[in-house]
Colleague: 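Shown below is the structure under consideration.
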There are 2 protein chains.
Amino acid sequence: MLAAARRHLLLDRLARDGRVVAKDLAAELEVSEDTIRRDLRELDAEGLAVRVYGGALPASPAVVDYAARASVAPDSKSRVAAAAARLIVPGMTAILDGGTTALAVTAALPRDLDCTIITHSVTVAASLLEHRADVIVIGGTLFKHSAVACGARAAEGALEVSADVFLLGVTGVHADAGLTTGDADEAAMKRTLASRSADTYVLASEEKIGAASRFGVLPLTEVTGIITDADADSAAMRALDAAGAALMRAG
Amino acid sequence: MLAAARRHLLLDRLARDGRVVAKDLAAELEVSEDTIRRDLRELDAEGLAVRVYGGALPASPAVVDYAARASVAPDSKSRVAAAAARLIVPGMTAILDGGTTALAVTAALPRDLDCTIITHSVTVAASLLEHRADVIVIGGTLFKHSAVACGARAAEGALEVSADVFLLGVTGVHADAGLTTGDADEAAMKRTLASRSADTYVLASEEKIGAASRFGVLPLTEVTGIITDADADSAAMRALDAAGAALMRAG
DNA sequence: GCAGAGTAGGCACAAACATGCAAGAATGGG
DNA sequence: CCCATTCTTGCATGTTTGTGCCTACTCTGC
């Protein structure tokens with residue numbers, strides 16, 4: 001194997017796996033670890049990778065985190081996100097809400113999926129840069145707490161789009177209070193987005209079930225489904241079920 | 001798992017969950033608690049986390065990026081960015097372009113500065129989340145290469161704003177070709193933004209001087225100033241000076 | 001102020017490392 | 001076509017780094 005081709009492969013692996021282990025690659029390419037180490041040292045010198053003890057990491061920290069996340073046991077948030085990501089199929093147009101669970105959806109979304117994602121969250125948009133999906137950003141005044149565009153201009157922008165599915169993030173899913181969040185403006189924005197989509201699914205990781213915040217977004221029965229991995233036998237889940245919520249099992 | 005990747009993961013968890021418990025992470029990553037504790041101790045020493053009894057908490061963001069900045073020599077880009085950031089004074093409304101140099105401006109901007117920043121870049125908007133500044137995002141179709149909103153909707157959004165100063169990023173600053181960039185749509189967007197601002201300054205780090213790209217943005221003489229730290233005696237800089245460009249020394 | 005969890009420092013071992021060297025392959029001029 | 005030069009690779013070397021375990025100490029909640 002040519003040395004240059006090997007370097008190229010190392011960079012490929014860095015991009016794909018988010019890391020390279022000198023020992024493993026040496027075994028795989030049937031060269032000595034010294035050779036791999038030398039390659040990595042040079043890639044580091046060129047700024048294309050970062051040499052670390054045991055191998056190398058990509059020069060871009062974002063890729064590292066992506067890979068690190070994928071290598072550990074998924075928590076409630078990522079299980080819900082993975083289930084939600086499966087709802088987005090090729091050719092579809094989806095609206096993605098802001099918040100950490102929506103961000104987890106972008107991480108769970110296949111990078112080569114051909115679809116259109118509409119979002120009012122700058123962090124969600126930024127994390128979709130590495131994806132093939134078309135991204136449409138809804139602008140407006142940035143609400144710092146959850147990194148989403150809000151206000152009159154954002155609401156106006158939301159009215160100009162429409163989608164097949166809306167993945168809605170909330171802070172509380174409660175049998176009596178319904179779907180709630182912590183900010184009035186944000187609640188209005190979420191309502192507007194829901195009205196622009198054929199279907200709406202709620203991203204409800206464990207800690208949201210049974211919780212309620214100050215501002216109502218929608219009644220439980222106004223959404224297509226509530227994606228959660230909370231224990232179906234818990235009191236809060238039974239209450240939701242009794243209230244007519246369309247609970248969907250994640251993971 | 002590579003030790004360096006584990007550190008990354010710890011930082012990621014700190015950012016996501018707001019805390020790290022040594023015992024839990026040791027179990028999750030299948031290493032001893034000692035190892036996690038050592039990692040946390042080092043992150044603390046680097047100022048990237050704060051060690052507490054039982055685990056660690058995130059360091060204040062201000063300290064974190066001070067630590068990050070201190071570890072690298074300021075390059076041309078950050079010198080230009082620092083000079084540009086000084087143009088933004090309290091009470092001002094500034095438009096920030098996309099690109100890595102504009103991103104460096106956000107890093108150079110004091111976190112407690114009271115101002116309004118308008119941007120069509122999602123990465124710039126995301127990095128302003130920790131700042132006191134009001135942020136207005138211009139939405140539209142995301143142009144992945146430079147992480148900015150482009151297209152008809154973005155142009156429309158740009159026409160609705162106005163500002164005191166526009167910090168313009170380009171890929172080429174050339175005596176004959178003027179200010180240029182690599183995409184036609186982006187060039188048009190930059191022109192529109194310039195028309196909405198009283199003053200326009202160009203972020204021209206070293207490597208841009210004397211370079212030219214395919215699409216023209218503006219003639220050299222149409223901007224208020226060109227901020228650069230390139231050698232004033234170089235041929236390219238002399239040519240720019242002769243062409244009537246208002247060169248401003250950075251650093 | 002006591003019990004139990006958490007911690008730092010020391011120790012030992014294994015893995016990973018840089019370095020120098022020599023053999024072999026590729027390259028380039030004569 | 002051949003010889004000199006350069007580049008690459010693998011190996012042996014002594015060194016450094018990361019890790020787990022142990023012990024003595026410290027912190028926290030009751």
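The sequence lines fix the lettering, A, B, ..., with proteins before strands; numbering per chain opens at 1.
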Colleague: For A/E42 and D/dT9, what is the distance between atoms CD and C1' respectively, to the nearest whole Å?
Modeller: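 Roughly 13 Å, once rounded to whole Å.
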Colleague: Find the distance between CD1 (A/I209) and CG (A/D231) and round it off to the nearest 0.5 Å.
Modeller: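 That separation rounds to 11.0 Å.
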Colleague: Would you indicate which nucleotide in D/dC27, D/dG18, C/dG20 comes nearest to any side-chain atom of B/Y53?
Modeller: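 Minimum distance to the B/Y53 side chain belongs to D/dC27.
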Colleague: Strictly by modelled atom types, are B/K208 and B/T101 linked by a side-chain donor-acceptor pair under 3.5 Å?
Modeller: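 Their side chains do contain a donor-acceptor pair, which is all the 3.5 Å distance test asks for.
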Colleague: Taking only side-chain N and O atoms of A/R38, does any of them lie within less than 4.0 angstrom of OP1 or OP2 on C/dC17?
Modeller: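 It does not, given that no N or O in the side chain of A/R38 lies less than 4.0 Å from OP1 or OP2 of C/dC17.
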Colleague: Starting from C1' on C/dA16, measure out to CG on A/D24 and report it in whole angstrom.
Modeller: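 For the pair A/D24 CG and C/dA16 C1', the rounded distance is 13 Å.
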Colleague: Are side-chain heavy atoms of A/V170 and A/L168 found at a separation under 4.5 Å?
Modeller: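 With C-beta onward as the side chain, the pair touches.
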Colleague: Between the side chains of A/R13 and A/E28, is the shortest nitrogen-to-carboxylate-oxygen separation below 4.0 Å, so that they form an ion pair?
Modeller: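 The answer is yes: the pair qualifies as a salt bridge.
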Colleague: Nearest-nucleotide wise, let me know which of A/A22 and B/K23 is further upstream toward the 5' end of DNA chain C.
Modeller: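 Per heavy-atom nearest nucleotide, the more 5' residue is B/K23.
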Colleague: Please tell me if A/R37 has a side-chain N or O lying less than 4.0 Å from either OP1 or OP2 of C/dA16.
Modeller: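 So the side chain of A/R37 is outside the cut-off, no N or O lying under 4.0 Å from OP1 or OP2 of C/dA16.
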Colleague: Between atom CG in B/L40 and atom P in C/dT7, what is the gap in whole Å?
Modeller: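 After rounding, the reported distance stands at 9 Å.
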Colleague: So B/V21, base contact, sugar-phosphate only, or nothing? Heavy-atom distance under 4.0 Å.
Modeller: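 No contact.
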Colleague: Which nucleotide sits closest to the side chain of A/T35: D/dT19, D/dT9, C/dA16?
Modeller: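 Taking heavy atoms from C-beta onward, the closest nucleotide is D/dT9.
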Colleague: Between A/E33 (CD) and D/dT17 (P), how many Å, whole number?
Modeller: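 These atoms are roughly 18 Å apart.
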Colleague: For the pair made of CZ in A/R7 and C1' in D/dT8, what is the distance, rounded to whole Å?
Modeller: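 Value for this atom pair: 10 Å.
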Colleague: Rounded off to whole Å, could you give me the CG-to-P distance for the B/L2 and D/dT17 pair?
Modeller: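 The answer, rounded to whole Å, is 17 Å.
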Colleague: Just compare D/dG20, C/dT19, C/dA8 and give me whichever is closest to any side-chain atom of B/R41.
Modeller: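 That would be C/dA8.
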Colleague: Quick one: B/M1 CE to D/dG18 P, roughly how many Å, whole number?
Modeller: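 One finds 15 Å between P of D/dG18 and CE of B/M1, rounded.
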Colleague: Between atom CG in B/D34 and atom C1' in C/dT7, what is the gap in whole Å?
Modeller: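 Rounded to whole Å, this separation is 9 Å.
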Colleague: Roughly how far, to the nearest 0.5 Å, is CG of B/L2 from OH of A/Y53?
Modeller: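 If I round to the nearest 0.5 Å, the distance is 11.5 Å.
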